[in-house]
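Below is one structure, written out as structure tokens, with a few remarks after it.
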There are 2 protein chains.
Amino acid sequence: MLKLSRLTDYAAVVMAQIARHPEQPHAAAELAEAVQLPHPTVSKTLKMLVRAGLLLSQRGSQGGYRLARPASQISAIDIITAIEGPVAMTECSQDDGDCELAATCGVSDNWQRVSLAVRTLLDSVTLAHLAETTPIKLPVRLPIQSVTLASEAGR
Amino acid sequence: MLKLSRLTDYAAVVMAQIARHPEQPHAAAELAEAVQLPHPTVSKTLKMLVRAGLLLSQRGSQGGYRLARPASQISAIDIITAIEGPVAMTECSQDDGDCELAATCGVSDNWQRVSLAVRTLLDSVTLAHLAETTPIKLPVRLPIQSVTLASEAGR
DNA sequence: ATTATACAGGACTAAAATGGTCCTCAATCC
DNA sequence: GGATTGAGGACCATTTTAGTCCTGTATAAT
């Protein structure tokens, strides 16, 4: 279905929660309560976010989690990558690229361009954006994305 | 990893192969040979594409598969949807939207906007694009995408 | 008509990913 | 020292995915 894993979803919700109160550290138990999710699961998610460098943790009483940098400098793709690994549309758009079918494939280059466009899009969405509550939805348009496909590449 | 399933990947490759020779019908066995994938798997993929209305099939000898419409009128999202179902970043960005955590979630609206942007991006990529071989990659930029987030929505 | 070709539909299985829990250890504060 | 809180990883259940195969049906050539 080309969707985020559930853990990634949790991660975004938790990150947003922290982003709305960036001063104090937040214990896992407190966050779990706030977002109404099981403690062990939230805890697992938080650990992944720490390992990815998006959160800082402090042990001991009065400890907890804080953002490693301002919410405006954390992007959606950072969160997704932290939980799911690199965003790539196809197997072969990854780094290793060990697809031996590349010869007969014929679409890999273009998929890679699409991948890049998706990544760029997700990179332009920040945690600050996600954390904002949205009382009204007024469609204001703003171009944020470019993609180059073979057909436009001069051939 | 936010990536396409392998079957979707196959579907794109096979569709591109057909798109490059749109006149004759192509038998599943012939396509499997051309793209170097197992016949049963290719066959399964083709059936899904027919059911989604992207391919037309003809039984009997000299039968096979043809595009249901020109490659320029089939988008990447059509192919993805045919195999994986609707593209939605989160559970709750789907139609039913039966997420009872929506109250404490606080990010669902913005994820839905991101989903929409991804869908729009994938909709702008056509099978004709994908099928093109790409001898040179000259980065020419072309804005194709807009997204509206809460922060830009007037509020 | 008969036969060979080729798709339709679905059952079935094996393997992998995912979601979720729990236990033990380490750090920190009081 | 004791309470609190995170780190790390093992572990299991469930779901999803990939892939195969079988039976049936439509079509064309002869």
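In what follows, every chain begins at residue 1, and chains take the letters A, B, ... in the order their sequences are listed.
Between C:dA8, D:dG6, D:dA18, one nucleotide has an atom nearer to the side chain of A:S57 than all others, and that is D:dG6. Closest to the A:T41 side chain, of the nucleotides D:dG9, D:dG19, C:dT21, is C:dT21. Closest contact between the side chain of B:S61 and the listed nucleotides D:dG6, D:dA28, D:dA18 involves D:dA28. Proximity note for B:R59 (side chain, C-beta onward) versus C:dC29, D:dT27, D:dT20: the nearest is D:dT27.
Nucleotide C:dC7 holds its P atom 15 Å from the CZ atom of B:R51, rounded to whole Å. Put simply, CG on A:L4 is 16 Å from P on D:dT16, counting in whole angstrom units. Rounded to an integer number of Å, the gap from NZ of B:K44 to C1' of C:dT13 is 11 Å. Atom CG in B:L46 sits roughly 8 Å away from atom P in C:dA8 (whole-Å rounding). When the P atom of C:dT28 is taken as reference, atom CG of A:L56 falls 13 Å away, rounded to whole Å. Computed from coordinates, the B:M48 CE to C:dG10 P distance equals 13 Å when rounded to whole Å. Between the CG atom of A:L55 and the P atom of D:dA7 there is a distance of 9 Å, given to the nearest Å. Rounded to whole Å, the distance from CD1 on A:I83 to P on C:dG20 is 13 Å.
Taken from CH2 in A:W111 to CG in B:D9, the straight-line distance is 7.5 Å, to the nearest 0.5 Å. Put simply, CD on A:Q24 and CD on A:E30 are 7.5 Å apart, with the number rounded to the nearest 0.5 Å. The line from CE of B:M15 to CD1 of B:I18 is 6.5 Å long, rounded to the nearest 0.5 Å.
Defined by atom type and a distance below 3.5 Å, a donor-acceptor pair is present between the side-chain atoms of B:D78 and B:S75. The closest side-chain donor-acceptor pair between A:T8 and A:E84 falls under 3.5 angstrom.
Looking at A:K47, its side chain comes within 3.5 Å of the base of D:dG8 through a donor and an acceptor atom. The base of D:dA18 lies outside donor-acceptor range of the side chain of B:R6, with no N or O pair under 3.5 Å.
Between A:Y65 and D:dA7 there is a side-chain polar atom (N or O) within less than 4.0 angstrom of OP1 or OP2. Distances shorter than 4.0 Å separate none of the side-chain N or O atoms of A:S5 from OP1 or OP2 on C:dA17. At the phosphate of D:dG6, neither OP1 nor OP2 sits under 4.0 Å from any side-chain N or O atom of A:S43. The side chain of B:Q58 places an N or O atom within less than 4.0 Å of a non-bridging phosphate oxygen (OP1 or OP2) of D:dA28. Here B:Y10 does not reach the OP1 or OP2 of D:dA18: none of its side-chain N or O atoms lies under 4.0 Å away.
Within 4.0 Å of A:H26, counting heavy atoms only, lie sugar-phosphate atoms of the nucleic acid but no base atom. Across all strands, B:A29 comes closer than 4.0 Å to no nucleic acid atom at all (heavy-atom distances). At a threshold of 4.0 angstrom between heavy atoms, the contacts of B:L7 are confined to the sugar-phosphate backbone, with no base atom among them.
Although no hydrogens or angles enter the test, the distance criterion places no donor-acceptor pair under 3.5 Å between the side chain of A:S43 and the main chain of A:H39.
For the pair A:Q62 and A:P40, nearest-nucleotide mapping onto DNA chain C gives the more 5' position to A:P40.
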